[in-house]
Amino acid sequence: MAASRPLTALDGDPMAVEALLRDVFGIVLDEAVRKGTSASEKVCEWKEPEELKQLLDLELQSQGESRERILERCRAVIHYSVKTGHPRFFNQLFSGLDPHALAGRIITETLNTSQYTYEIAPVFVLMEEEVLKKLRALVGWNSGDGVFCPGGSISNMYAMNLARYQRYPDCKQRGLRALPPLALFTSKECHYSISKGAAFLGLGTDSVRVVKADERGKMIPEDLERQISLAEAEGSVPFLVSATSGTTVLGAFDPLDAIADVCQRHGLWFHVDAAWGGSVLLSRTHRHLLDGIQRADSVAWNPHKLLGAGLQCSALLLRDTSNLLKRCHGSQASYLFQQDKFYDVALDTGDKVVQCGRRVDCLKLWLMWKAQGGQGLEQRIDQAFALTRYLVEEIKKREGFELVMEVAPVLKERMVKKGSMMIGYQPHGTRANFFRMVVANPTLVQADIDFLLCELERLGQDL
Ligand code: ABU
């Protein structure tokens with residue numbers, strides 16, 4: 001057997017395995033952690049796609065490569081990747097590199113297990129339960145259920161599927177034949193996963209009724225009432241309202257209590273997409289923005305965003321205590337979920353989800369929480385709010401910054417090619433393209449905000 005192994009395989013040589021991994025960890029520490037989070041380094045090294053393909057030499061060959069070449073490749077992958085932990089990375093709703101969360105991610109990757117049964121993930125089954133319990137407690141529930149999903153979009157789709165199943169349990173077997181035309185409601189500022197989910201679940205995008213939002217981006221409950229009446233008059237059956245806590249573009253928080261009242265009056269499932277804003281629940285000062293969330297039936301919350309736990313860490317939380325998740329999605333695969341196991345089979349949580357193999361997403365959050373404590377995480381949220389206020393005040397002081405002109409794409413190209421920072425931009429309604437500032441990186445200080453404003457001025461000097 002040994003003779004047939006390829007020359008480059010290291011699995012027969014523990015010393016070589018260890019040496020390789022030490023070198024790789026060294027490169028990761030140097031390039032991705034130290035340089036990747038240093039304000040004096042570039043946030044990205046822009047290359048045109050054809051040039052990047054050449055530089056990376058992507059094509060896969062039949063011959064294996066030397067250790068030195070593999071280490072060079074690791075270095076190049078990091079070098080040409082965007083450093084999302086960099087203090088000048090404002091481009092997405094996540095930023096920063098928490099060392100404890102990273103430690104959790106490294107351990108998770110190394111152990112390489114699947115979250116479906118207690119027998120192969122004993123630590124993580126218990127840990128996931130504990131973390132979800134903590135998140136539920138912050139929502140305001142002392143019981144319930146939940147699961148970590150592959151991203152907020154999937155969490156939102158789960159909520160839609162559960163709401164539909166609860167009302168029409170027959171649809172698990174009979175599919176769309178068991179259903180009348182259904183209607184769900186969300187604001188025009190909602191995340192695009194709501195209409196994607198409607199398409200994916202066979203509801204169709206027409207089943208999504210768009211509710212008006214006010215000038216700050218918050219759903220208008222009176223219009224929700226109107227849309228429900230309209231849908232009913234057209235012969236549809238309303239079944240779910242999805243409110244948003246922290247909309248993707250404007251960061252608005254829908255008035256949850258008023259929306260919960262509407263849901264209660266009409267007997268509708270109340271889902272809150274708090275993928276972005278859920279972490280605000282950790283702040284005693286700001287959690288009032290989510291008042292009423294405890295009245296929801298389901299909540300999607302992504303600690304990989306504002307808490308910086310690292311992609312992906314997305315919880316779907318449920319108020320339900322009737323095993324709805326498992327009843328809706330369970331398929332009782334006999335090779336995984338044997339009922340005559342030697343331990344409590346309720347710990348085999350894999351049949352709650354539509355996936356089979358499922359990543360461990362709880363450890364990075366658990367370890368970071370253990371290290372920071374709830375108080376440390378609360379400070380991060382409060383700091384993000386404080387820096388956002390600082391940014392707003394500074395913008396007011398600078399001439400030219402209130403003017404919304406079609407310059408965002410030009411400035412974006414210039415900042416990326418220079419590698420100085422990254423900010424996302426988009427149009428919104430009748431507003432022209434503008435920069436969406438995301439203040440999430442826990443290492444940000446006022447100097448980074450000052451740099452951002454000065455750099456925007458520098459990049460746009462000639463415009
Ligand atoms: N999934 C919504 C957030 C995407 C973004 O980072 O802008």
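All ligand and atom numbering here is 1-based and tracks the order in the structure.
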Legend entry - Salt-bridge present (D145, K326; N to O < 4.0 Å): no

Inset, instruction - Closest by any non-hydrogen atom to atom 6 (O) of ligand 1: pick that one out of N91, N156, N302, L93. - result: L93

Inset, instruction - Please find out if less than 6.0 Å separates the ring center of Y165 from that of H329. - result: no

Legend entry - Closest protein heavy atom (residue, atom, distance) for atom 5 (C) of ligand 1: Q92 NE2, 3.3 Å

Legend entry - Six-ring centre of F124, R359 cation under 6.0 angstrom, axis tolerance 45°: no

Inset, instruction - Could you tell me whether E41 and K83 have a side-chain N and a carboxylate O separated by less than 4.0 Å? - result: no

Legend entry - atom 2 (C) of ligand 1 - nearest protein heavy atom and its distance: H191 NE2, 3.1 Å

Inset, instruction - Could you tell me whether some N/O pair between T248 and ligand 1 is separated by less than 3.5 angstrom? - result: no

Inset, instruction - Please report which non-hydrogen protein atom sits nearest to atom 7 (O) of ligand 1, along with the residue it belongs to and the distance in Å to one decimal place. - result: R436 NH2, 2.7 Å

Legend entry - SB check R380 D98 (cutoff 4.0 Å): yes

Inset, instruction - Please determine if F94 has a nitrogen or oxygen closer than 3.5 Å to a nitrogen or oxygen of ligand 1. - result: no

